[in-house]
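Report on the structure given below.
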2 protein chains.
Amino acid sequence: MTGGKSPPMKGIRQLAEHLDISIGTVSRALNGKPDVNEETRRRVLVAAEELGYVANQSGRSLRQGTTNVIGLMIESSKETTENGDNFFLGLTGGLQSVLSRHKLDLIMLPCPSDEDPHEYLKRMVARRVVDAMIISATQRIDKRIDLLSRTKIPFVTLGRSASGSNYPWIDLDFDGVANSAVDRLVAHGHRRIAIAAPSNDINLGFIFLDGYRHALERHGIAFDPSLVIRVKSSEQGGYQAAHEILLLEDRPTAVILIYELMAIGLYRRLTEAGVIPGRDLAVIGFREEPRAKFLQPTLTCFRMSLPDLGVELAETLLATMPAYSHFYPEGARNCIWPLELVPGESDGFHLGNNGQRRQ
Amino acid sequence: MTGGKSPPMKGIRQLAEHLDISIGTVSRALNGKPDVNEETRRRVLVAAEELGYVANQSGRSLRQGTTNVIGLMIESSKETTENGDNFFLGLTGGLQSVLSRHKLDLIMLPCPSDEDPHEYLKRMVARRVVDAMIISATQRIDKRIDLLSRTKIPFVTLGRSASGSNYPWIDLDFDGVANSAVDRLVAHGHRRIAIAAPSNDINLGFIFLDGYRHALERHGIAFDPSLVIRVKSSEQGGYQAAHEILLLEDRPTAVILIYELMAIGLYRRLTEAGVIPGRDLAVIGFREEPRAKFLQPTLTCFRMSLPDLGVELAETLLATMPAYSHFYPEGARNCIWPLELVPGESDGFHLGNNGQRRQ
DNA sequence: ACGCACTCCGTAAACGTTTACGATCCTATG
DNA sequence: CATAGGATCGTAAACGTTTACGGAGTGCGT
């Protein structure tokens, strides 16, 4: 029933002429400004709906200096691409539930793999295509944070950098995960626990390793550098990790993986060597994902709610934006996001020998 | 070394004043227009780089009526979010490799799960935030196609609808996949082949089933409606499918899944019943994905190159855009994207009994 | 009758670009 | 020398909005 007669609507001017009202009043009516008769407002809204008029974003942005768009930057590195994108999609639901309340739209900005993320971000920011930014995969030292602070673009990062802490970030509780994993394994009698993590450049890996060391310390277990396997967070990395573990003289009885995707490669290499995960080597992975459910034996790993994390990110971001901060007086920032352990079979707890070798 | 002295650059006017050149000339210099001295152009470019000037997108869009942004709409349905997939991110690389050649940027537009995709698209289109659209998950009858055609926004769909065929689309070769799967199973002696597919509303399922029927026909096998299992394309759907298959009186010896994620649920239910995939029931899945590699026995499925598909999509889209069509004179449209079979163990071919029961 | 306050609306400027048009200068050609 | 024409640049209009400002009308109290 709607629309279909006049040319598809050029702009607010046509709408004003059609109503025989001034263009300024139409704008005020549409934007809920006070100085307009309720009856006229109704007429305007009806006509707008009828003719399918929606304000041109460029004109509006140009005038207001604001775009009403929040950008979620995702760098489609080769790894990310392989890993899958349900992480970001999982986030969007929660993000949008908060943003839409303020009539803000979310767009995802995939950084081309052949472009420097810093340059890409710079371009996007300079072009003023978004009002604020959410960035992830934070490096230990990340130029993007300086850029955003310097240009005064509101932002929040998923993952903290090592640099100054005076910016809003949210990070996963890698420390807690490492501690919890070690605790669980030690309680099961394990003393030689390996860890597979990427280079320390990724802050994630750094914190993870740190938590691991502290947990060992807490249990009076000496830290053995040879048990730190440096591999990529991928299937191949997992294969490589298993390979190196098998070569160790005093072979560990357990291994903690920083990423569940590594488990598939690890399983494969172990199986080749006749070593059965869960029985001969306890395995704990990091994140629960649909994929992890494919594994046999099922992987013990950690779960988090992506939608809830999205909500937290959005609220933290809005709290830093002058136009919206009064909605979020707490200004909650620098949150460490908890994860919950999901028991599986890969740590061997389901087997009879839940030996309380706790000396 | 770059930037850092003057206030972060307001606009082209400041740049012009700084150079003591008229604003028009600066614009022409930056945009590579001919009427400008090469020496001045150099000066302008240098100064722009130095001061970190990048044209404001809103101003530019408003004047030119073009945004230089291509939108990839992704609807984050509950299934997509939960399932986890690398599909869209896998596409972006190929898309961008083509788009960046024309200085076009790609943004991903995630439709909120609580908003009608059609309304969402309408909003985005009306606001003129993108020059063209790529939409996916096409329904058999999809209002979005009418909307885009009516408003004359260039677009390409991934997946064809049942309606008029006079628009650019690219679709996966479900027909070929179904045929190839049936051929393979029949060559192995199977006669009772089940298929698990979603409702016919999804055009994908419709075409898949159609290919399946034709393939059976070709081999002189009667179509048995009871072998068509209608379930959701998810893990639960797979479980459900296995359950229903096990209940059938004249149990099929093989099953074709429309989505590899179903395999995990299917495997689980089969294992519960003591039926071993690959030995007692041949299984062929649809799409190769990192997570399919988690399965034991490995899944026979079909592979495609997502980056290449992205390239094809981008080129098809550009071919329909007046400003770029001359780069793609073929105007290639309506392409059916081929897939390649990846042999695994789940179809039992690796076992000795590659029985040539071919009557 | 006058002024004041209030409601409602129209006018026009401004946002940052791009670009059509015309002006200026220079060179070559007659 | 006059002039045509090319090279280079400046001027100003236009894109579609929003919004500060002021004007017209109305009602009310004095």
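Small disclaimer: the values here were computed from a predicted structure and weren't measured. Naming: A, B, ... by sequence-line order, numbering from 1 per chain.
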Report task. In plain terms, say whether A:Asp142 and A:Arg144 are close enough for a salt bridge, that is, a side-chain N and a carboxylate O under 4.0 Å apart. Result -> yes
Report task. Just call it for A:Ile23: base, sugar-phosphate, or nothing, with non-hydrogen atoms closer than 4.0 Å on any strand. Result -> base
Query raised in the report: With sugar-phosphate meaning primed atoms plus P, OP1 and OP2, does A:Gly65 contact a base, only sugar-phosphate, or nothing at under 4.0 Å between heavy atoms?
Result: nothing
Query raised in the report: Could you state the interatomic distance from CD1 (A:Ile23) to CZ (A:Arg13), rounded to the nearest 0.5 Å?
Result: 4.5 Å
**Report entry** 5' priority, DNA chain D, between B:Gly59 and B:Val26 [closest heavy atom]
**Finding:** B:Val26
Query raised in the report: Excluding sequence neighbours, so at least two apart, what forms salt bridge (Lys or Arg N to Asp or Glu O under 4.0 Å) with B:Asp131?
Result: none
Side chains of [X] and [Y]: closer than 4.5 Å at any heavy-atom pair?
X        : Y        : value
B:Arg128 : B:Ser61  : no
A:Ile145 : A:Phe155 : yes
A:Gln57  : B:Thr67  : no

Requested in this report: Hey, could you give me each pair passing ring-ring contact (aromatic ring centres under 6.0 Å, His included) that has a residue in residues 111-143 of chain A? Not counting sequence neighbours.
Outcome: none
Query raised in the report: First and last nucleotide of DNA chain D in contact with chain A, 5' to 3', at under 4.0 Å to a heavy atom: what are they?
Result: D:dG16 to D:dA20
**Report entry** B:Asn56 side chain vs B:Ser58 backbone, donor-acceptor pair below 3.5 Å
**Finding:** yes
Query raised in the report: Hey, does the side chain of A:Thr138 reach the backbone of A:Leu158 with a donor-acceptor pair shorter than 3.5 angstrom?
Result: yes
Query raised in the report: Can a donor-acceptor pair be found between the side chains of A:Thr320 and A:Tyr167 at a distance below 3.5 Å?
Result: no
Query raised in the report: For B:Arg28 and B:Ala55, take the nucleotide of DNA chain C holding the closest heavy atom to each; which residue's nucleotide lies nearer the 5' end?
Result: B:Ala55
Requested in this report: Both distances under 3.5 Å, Watson-Crick or G-U wobble: on that basis, could you give the dot-bracket string for DNA chain C, with [ ] for crossing pairs and | for other-strand partners?
Outcome: ||||||||||||||||||||||||||||||
Query raised in the report: Sequence neighbours excluded, which residues qualify as ring pair (Phe, Tyr, Trp, His ring centres under 6.0 Å) partners of A:Tyr324?
Result: A:His102
Report task. Would you please confirm or rule out a distance under 4.0 Å between OP1 or OP2 of C:dC9 and any side-chain N or O of A:Thr25? Result -> no
Query raised in the report: Among residues 30-40 of chain B, which contact DNA chain C at a heavy-atom distance under 4.0 Å?
Result: B:Asn31, B:Lys33
**Report entry** Length of the CZ-C1' vector between A:Arg13 and C:dG10, whole Å
**Finding:** 13 Å
